[in-house]
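Before any comments, here is the structure.
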Amino acid sequence: MLTHSITLLLQALFVAQLFASPLPSEPRAEVLYDVIVVGSGPAGVIIASRLSENPARNVLLLEGGGPSYWVTGGTERPAWLAGTNLSRVDVPGLYSTIYSNPSTNLLCQNKIRAYGACTIGGNSAINAGLFYEPPASDFDKYFPTGWKHTDLNAAISRLYATQPSTQNPSKDGIYYEQSGYAVAKQWLGTNAGYTELNINANSRQKTKVFGHPAYDYQNGQRGGPVVSYMQTALKRPNFHLQSGTWVQRVVRTGGVATGVVVVSGGVTSTIKLSATGRVILSGGALKSPELLMKSGIGDPAVLTTLSQANQLGGLPSSSWINNTAVGAGLFDNPNTFIELSSPSLVAYNYVYDNPIPADRDLYLTKKSGPYSFAGGSVSFWDTVTHADGTVAGVQGGLGAAGYADYTNSTTVTMNIYGTSGLKSSGKVVLAGSDYLPGPSGDVYYSNPQDAQDIATFIRRLFDALPADLTPLNLNRGSTVAQIVSYITSYNNAYTRGQVNHWSSSCRIGACVDVNTTVIGTTNLHVVDASIVAPLSVNPQFGVMVAAEKAWELINKL
């Protein structure tokens, strides 16, 4: 026992030293950085790590939140993980418990007006870890010249090499909790004519296909850039990570960024760039536009309001940069929950504090069993083609258990998303006394075509339902018009709309140029979900590819 305690103490000291702040609370005037990356989410970690491969660059990665994974010093966890090198973040099966046992250490709380993570790893530290390669058509249709699929081949290859995907994360090789998959084989495969395939091995196919979910897990634990890219970068003396440091705005002279104003430990200070340095905003599709606006870059009407509220640090209007594309085009997947019941389904409830002992022990001893993955049994895709030839993407998946009013042992939740090709979008709006970022009210269904497309998808699925598979919160005989009415209502628990897959609020060619440089500046960039167009799949893979591509481009500037 004494030896074990000493081992844990040494581990804690190692982690504390590894993540010790490289800056004093009042940064020394002589400390200049060639790259300052703001935000340690999936894009921020990758771009900072890649740029630090050049030993001549002094790279600083700033994160407002604190530890997450155990390797970052994260220690928040249930009692059953005591004595391990695991935090709650490391265990894939604890993903869904973030909703029932929320964490003040991981979530943004009062930093954004939406659900999200403010911690090392960003949303990659709290999401399900779904890791789907977008189809080539997404890049070829919705991204500008220089960002087409052929332009991204090298970036995709590097991403897979550093962060593999898996559709079978349990280390014993067994697929667990598969009653939903067995139902899907009959429902989708036989009745609806879907093709069963390995999703990432056939990434181009997103019409009438289904398969096992793909994850970024490694060795039975949550993966992501923190446990791949960052661990390599931390071995470099020119790479520095500082958490607990909130960036307030970018300091600039005209279009040239010279540093960032930060608050750390209650002390406000300025971290400075070298003469040839660059600032890269990677705070996400809500936070990065906020920082641009509070740095005097955005819609003049918004900047006037911020100036009057003393939110621009005294920056005169003569130094503002007019860029109305900042915060515009904000997208999220409109989401609907449909509760499905069948005698063939076996629900599985993940528990934070007291898992089923056999499942707990299987995970602790072998990194196997239900807690080795987030609970999804199947993912599937289709498309809806319009009269003008344009196409909208739709996606679905089956979870492990029911939701809200439907939580018996034979009920699971089906998630339905609208994806690429949808026509609705909104913008980032700053509100409240601190002018915090959140979505405008027109993000979802402001164009009625989107609801029509998603309702058409649901109707197709209902047409193929096996006789013993029953939707509980939406009548299986509902017409498309009735489904549209249901999914666009916001007065029930199943049509929430938000899945917090925020993207597209600083689009390439409007807000930033093809090199990710903010238009109107020379050395200020945005590299995160803000620059990623709506995709046919969950956005994490696409965001990470965008960071890899941005490294190629910025590295040449």
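Note that the numbering runs from 1 along the sequence shown for the chain. What you see is a predicted model; the values in this text were computed from it and never measured.
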Quick one, L281 with V250, criterion side chain to side chain contact (heavy atoms under 4.5 Å, CB included). Give me CA distance, side-chain angles, the key distance, then yes/no. CA-CA 9 Å; L281 301 183; V250 179; 4.1 Å; yes
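Taking D442 as the reference, S440 meet the side-chain hydrogen bond (donor to acceptor under 3.5 Å, both in side chains) condition, with sequence neighbours excluded. Residues satisfying the side-chain hydrogen bond (donor to acceptor under 3.5 Å, both in side chains) test with T336, not counting sequence neighbours, are none. Here F337 pairs with Y403 under the ring pair (Phe, Tyr, Trp, His ring centres under 6.0 Å) rule; sequence neighbours left out. Evaluation of the ring pair (Phe, Tyr, Trp, His ring centres under 6.0 Å) rule for Y132 yields W381 as partners, not counting sequence neighbours. Every residue two or more places apart in sequence or in another chain that forms a side-chain hydrogen bond (donor to acceptor under 3.5 Å, both in side chains) with S52 is listed here: R236. With sequence neighbours excluded, the residues that form a ring pair (Phe, Tyr, Trp, His ring centres under 6.0 Å) with Y215 are Y217. For E76, the salt bridge (charged side-chain N to carboxylate O under 4.0 Å, His left out) criterion is met by R88, not counting sequence neighbours. For S40, the side-chain hydrogen bond (donor to acceptor under 3.5 Å, both in side chains) partners at least two apart in sequence or on another chain are E63.
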Expected list for residues 420-428: side-chain donor-acceptor pairs under 3.5 angstrom, two or more places apart:
unit_1, atom_1, unit_2, atom_2, d
S420, OG, S536, OG, 2.7
S424, OG, S446, N, 3.1
S424, OG, N447, N, 2.8
S424, OG, D450, OD2, 2.6

Contacts table for residues 147-159: side-chain donor-acceptor under 3.5 angstrom, sequence neighbours left out:
unit_1, atom_1, unit_2, atom_2, d
W147, NE1, V514, O, 3.0
K148, NZ, D140, O, 3.0
K148, NZ, F143, O, 2.5
D151, OD2, G146, N, 3.4
D151, OD2, W147, N, 3.3
D151, OD2, K148, N, 2.9
S157, OG, N153, O, 3.1
R158, NE, E548, OE1, 2.7
R158, NH1, E552, OE2, 3.1
R158, NH2, E548, O, 3.0
R158, NH2, E548, OE1, 3.2
R158, NH2, E552, OE2, 3.0

Which atom pairs, one a donor and one an acceptor, fall under 3.5 Å between side chains of residues 304-319 and the rest of the protein, sequence neighbours left out?
unit_1, atom_1, unit_2, atom_2, d
T304, OG1, P300, O, 2.9
T305, OG1, A301, O, 3.3

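Using a 30° and 60° split on the angle between ring planes, F131 and Y160 fall in the perpendicular class, above 60°.
A pairwise comparison of heavy atoms in I126 and Y115 identifies CD1-CE2, 3.8 Å as the closest pair. Residues A550 and T516 approach most closely at CB-CG2, 4.0 Å, considering heavy atoms. Between F541 and P134 the shortest heavy-atom distance is CD2-CD, 3.6 Å. When all heavy atoms of L330 and S505 are compared, the pair lying nearest together is CD1-CB, 3.9 Å. The minimum heavy-atom distance between N58 and D34, with the atom names listed, is N-OD2, 2.7 Å. In plain terms, the two heavy atoms of D332 and Q498 that are nearest each other are OD2-CA, 3.4 Å.
Looking only at distances, a side-chain donor or acceptor of Q163 sits under 3.5 Å from a matching main-chain atom of D216.
Counting only heavy atoms from C-beta outward, the side chains of V512 and V518 approach each other to under 4.5 Å. Within the 4.5 Å cutoff, side-chain heavy atoms of N538 are placed close to those of Q395. A heavy-atom distance below 4.5 Å is not found between the side chains of I554 and V35. Between I483 and I454 there is no side-chain heavy-atom pair separated by less than 4.5 Å. Between T324 and N322, some side-chain heavy-atom pair lies under the 4.5 Å cut-off.
In this structure, a donor-acceptor pair under 3.5 Å is absent between the side chains of N123 and Q540. N335 and H501 share no donor-acceptor pair across their side chains, judged by distance under 3.5 Å alone.
The six-membered or imidazole ring of Y229 lies away from that of F239, with a centre-to-centre distance of 6.0 Å or more. Between Y417 and F457, a ring centre-to-centre spacing not shorter than 6.0 Å is recorded.
Judged as a side-chain hydrogen bond (donor to acceptor under 3.5 Å, both in side chains), not a single pair has a partner in residues 249-259 (not counting sequence neighbours).
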